[in-house]
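Remarks on the structure that follows.
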There are 2 protein chains.
Amino acid sequence: MSHQTQLSQRLHRQLGDLLSELSPGDRLPSEPKLSKAFGVSRATLREAMRTFETQGLIQRRQGVGTFVVHPPGVMDAGLEVLESIETLAERIGLEVSMGAYEVEVRPATASQLSLLKEPELLYVSRVIEAEGRPVAFLEDTLPLSVLSKEELLADFTGSVLDFLLKRGDPSLATSETEIQAVATETHIARALHIQCGDVVLRLQGTLYSAEGAVVALSQSHFLPGYFRFRLLRRVGALEKGQRF
Amino acid sequence: MSHQTQLSQRLHRQLGDLLSELSPGDRLPSEPKLSKAFGVSRATLREAMRTFETQGLIQRRQGVGTFVVHPPGVMDAGLEVLESIETLAERIGLEVSMGAYEVEVRPATASQLSLLKEPELLYVSRVIEAEGRPVAFLEDTLPLSVLSKEELLADFTGSVLDFLLKRGDPSLATSETEIQAVATETHIARALHIQCGDVVLRLQGTLYSAEGAVVALSQSHFLPGYFRFRLLRRVGALEKGQRF
DNA sequence: TTACACTGAGTTGTCAGACAACTTGACCGG
DNA sequence: CCGGTCAAGTTGTCTGACAACTCAGTGTAA
């Protein structure tokens with residue numbers, strides 16, 4: 001059964017393991033050697049390497065070799081990966097617990113309607129606490145066709161994202177996220193126990209399924225100082241392989 | 001001269017153009033058809049597609065086809081691409097001008113020394129103004145071996161990043177960036193004309209060359225409300241092709 | 001009619017081997 | 001000492017083939 005489907009994953013992991021043992025500037029073995037060592041064809045190996053190159057972790061120079069720019073591990077823990085707050089908090093060494101939460105059905109606003117295309121939406125909010133005080137306030141809004149109130153409450157561990165991933169039904173792909181520092185509105189200030197108008201970090205995301213449909217809208221507010229988000233940015237413009 | 005070197009770039013652009021004309025959920029032509037249409041082999045085409053797949057723009061399903069998740073253009077304007085503030089501001093429709101700036105040589109702090117490995121560093125700071133008031137304060141610190149004060153001042157247009165890119169000498173690769181909402185220190189508050197302790201958005205970056213060496217440290221502070229950063233996040237964990 | 005196994009066309013995944021383009025260092029002749 | 005030439009090693013690309021998979025359609029049996 002399915003040796004094949006897992007080949008690229010296995011290879012990706014092997015290559016990642018190798019990279020994580022190397023330091024920036026180190027040179028990788030040549031492609032023929034690597035492909036033989038991993039037991040795959042050179043074409044397959046090259047595709048795997050390409051993923052790391054796209055992420056800016058390695059750099060290839062024709063006639064010279066392939067070099068490590070950044071070992072992984074850094075970016076695998078970065079913002080570019082979408083994950084639940086619980087996972088994130090654990091990573092950055094913050095002990096968190098879920099505070100008050102709310103699950104209810106609400107009518108869609110105009111902007112929500114245009115994106116989610118349903119008049120009634122499931123609204124889930126929750127407060128994340130650390131060191132005894134609220135540090136984050138998370139809100140998710142999604143169509144009832146994706147997730148009903150009863151279904152969620154039957155097995156609600158805290159994260160809507162985790163729930164959807166576990167169920168696997170709408171296979172999730174990406175989230176387009178906007179990062180801002182904003183002055184809090186009243187209902188958010190109340191949840192976080194801060195003054196209305198205080199500045200917090202806001203992540204506003206649009207979650208897409210693999211089919212390209214909008215699955216959910218999320219809005220997360222973080223108290224300054226408790227969370228730090230990392231990100232690996234690549235040099236754009238005229239550099240090789242880049243668009244435009 | 002060099003037909004080859006530009007092939008993958010050309011193909012990448014062509015494929016990007018094609019994707020930008022499609023909508024989420026659309027299906028791409030099959031790989032044999034596409035490779036013939038673009039005049040490249042299937043292997044080469046697949047490597048190009050892999051870059052888009054890595055970025056979460058398309059999804060491939062064995063036995064079914066390849067589908068558009070996100071057309072590009074969205075993420076080409078995103079945070080994952082490192083670019084100068086001037087370019088960024090123009091993109092988001094904000095007219096900016098450079099205010100006061102400062103270029104001087106400073107002794108390295110302990111943390112700077114461990115990263116940049118030089119006792120004396122070039123420090124460049126500048127204020128960005130929009131609508132007649134300061135909205136961002138940018139600081140760059142880099143070794144004198146990378147850039148001397150005289151060299152920079154001879155052709156300083158405002159952005160150290162643009163300068164380095166134009167010169168091309170240390171070929172830049174990536175920047176590891178940390179995003180936080182923090183209370184301002186005094187010198188930053190003074191530059192931005194706000195109260196010490198007010199919350200601003202901070203991007204702290206470590207710039208790496210293609211060889212993996214640390215080229216510069218940057219610290220940018222943004223006034224809330226003027227800048228919004230976008231980002232395309234991919235679903236992590238157990239999903240296909242992901243590490244771990 | 002309905003349920004189910006099967007088949008076949010079309011797709012992506014992987015493979016092997018080959019050649020082209022490029023870089024680098026060594027070698028050699030001036 | 002300098003510069004040109006060459007050869008080895010590397011990445012880039014091509015070709016053709018086969019494997020694995022999905023899905024719709026078909027036919028058969030209940």
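As the structure is a prediction and not an experimental result, all values here were calculated from the model.
- Regarding contacts with the backbone of C/dT23, every side-chain N or O of A/Arg61 stays at 4.0 angstrom or more from both OP1 and OP2.
- Look at A/Glu80 and A/Arg234 and you find no salt bridge, because none of the NZ, NE, NH1 or NH2 atoms lies under 4.0 Å from a carboxylate O.
- A side-chain donor-acceptor contact under 3.5 Å links A/Glu118 and A/Ser145.
- Distance, A/Leu11 CG to C/dT14 P: 8 Å, rounded to whole Å.
- Where B/Arg42 and B/Leu45 each meet DNA chain D at their nearest nucleotide, the meeting point lying more 5' is that of B/Leu45.
- Closest contact between the side chain of B/Gln62 and the listed nucleotides C/dT12, D/dT11, D/dC23 involves C/dT12.
- Atom CZ of B/Phe67 is separated from atom P of C/dT11 by 11 Å (rounded to the nearest Å).
- Note: CD (A/Gln59) to P (D/dT10) measures 18 Å, nearest angstrom.
- Note: CE (A/Met49) to C1' (D/dT10) measures 11 Å, nearest angstrom.
- Ranked by how close their nearest DNA chain C nucleotide is to the 5' end, B/Pro29 and A/Ala43 are led by B/Pro29.
- In the set D/dT15, C/dC15, C/dT11, C/dT11 carries the atom at the smallest distance from any side-chain atom of B/Ser30.
- Following rounding to the nearest Å, B/Leu28 (CG) and C/dG10 (P) show an atom-to-atom distance of 19 Å.
- At a threshold of 4.0 Å, the pair B/Arg106-B/Glu139 does not count as salt-bridged, since none of the basic side-chain nitrogens sits closer than that to a carboxylate oxygen.
- Dashed line: the shortest gap from a side-chain N or O of A/Thr66 to OP1 or OP2 of D/dT10 is not under 4.0 Å.
- A/Thr44 has a side-chain polar atom (N or O) that falls below the 4.0 Å cut-off from OP1 or OP2 of C/dC15.
- Positionally, the nearest nucleotide of DNA chain D for A/Gly63 lies more toward the 5' end than for the other of A/Arg46 and A/Gly63.
- Contacts of B/Ser111 classified as side chain to side chain donor-acceptor pair (under 3.5 Å), with partners at least two apart in sequence or in another chain: B/Thr109.
- Remark: B/Val64 pairs with B/Arg61, B/Phe67 by the side-chain contact (heavy atoms from CB on, under 4.5 Å) rule, at least two apart or across chains.
- Counting to the nearest Å, the C1' atom of C/dT12 and the CD atom of B/Glu47 are 16 Å from each other.
- Nucleic acid contact class of A/Arg27 (heavy atoms, under 4.0 Å, all strands): sugar-phosphate only.
- The nearest whole Å value for the distance from the CZ atom in A/Arg60 to the C1' atom in D/dT13 is 12 Å.
- Residue B/Glu31 has its side chain nearest to C/dG13 when only C/dT11, C/dA21, C/dG13 are considered.
- Protein atom CZ of A/Arg10 is 16 Å distant from nucleotide atom P of C/dG13, rounded to whole Å.
- For A/Val64, the listed nucleotide lying nearest its side chain is C/dT24; candidates were C/dT24, C/dT14, D/dT15.
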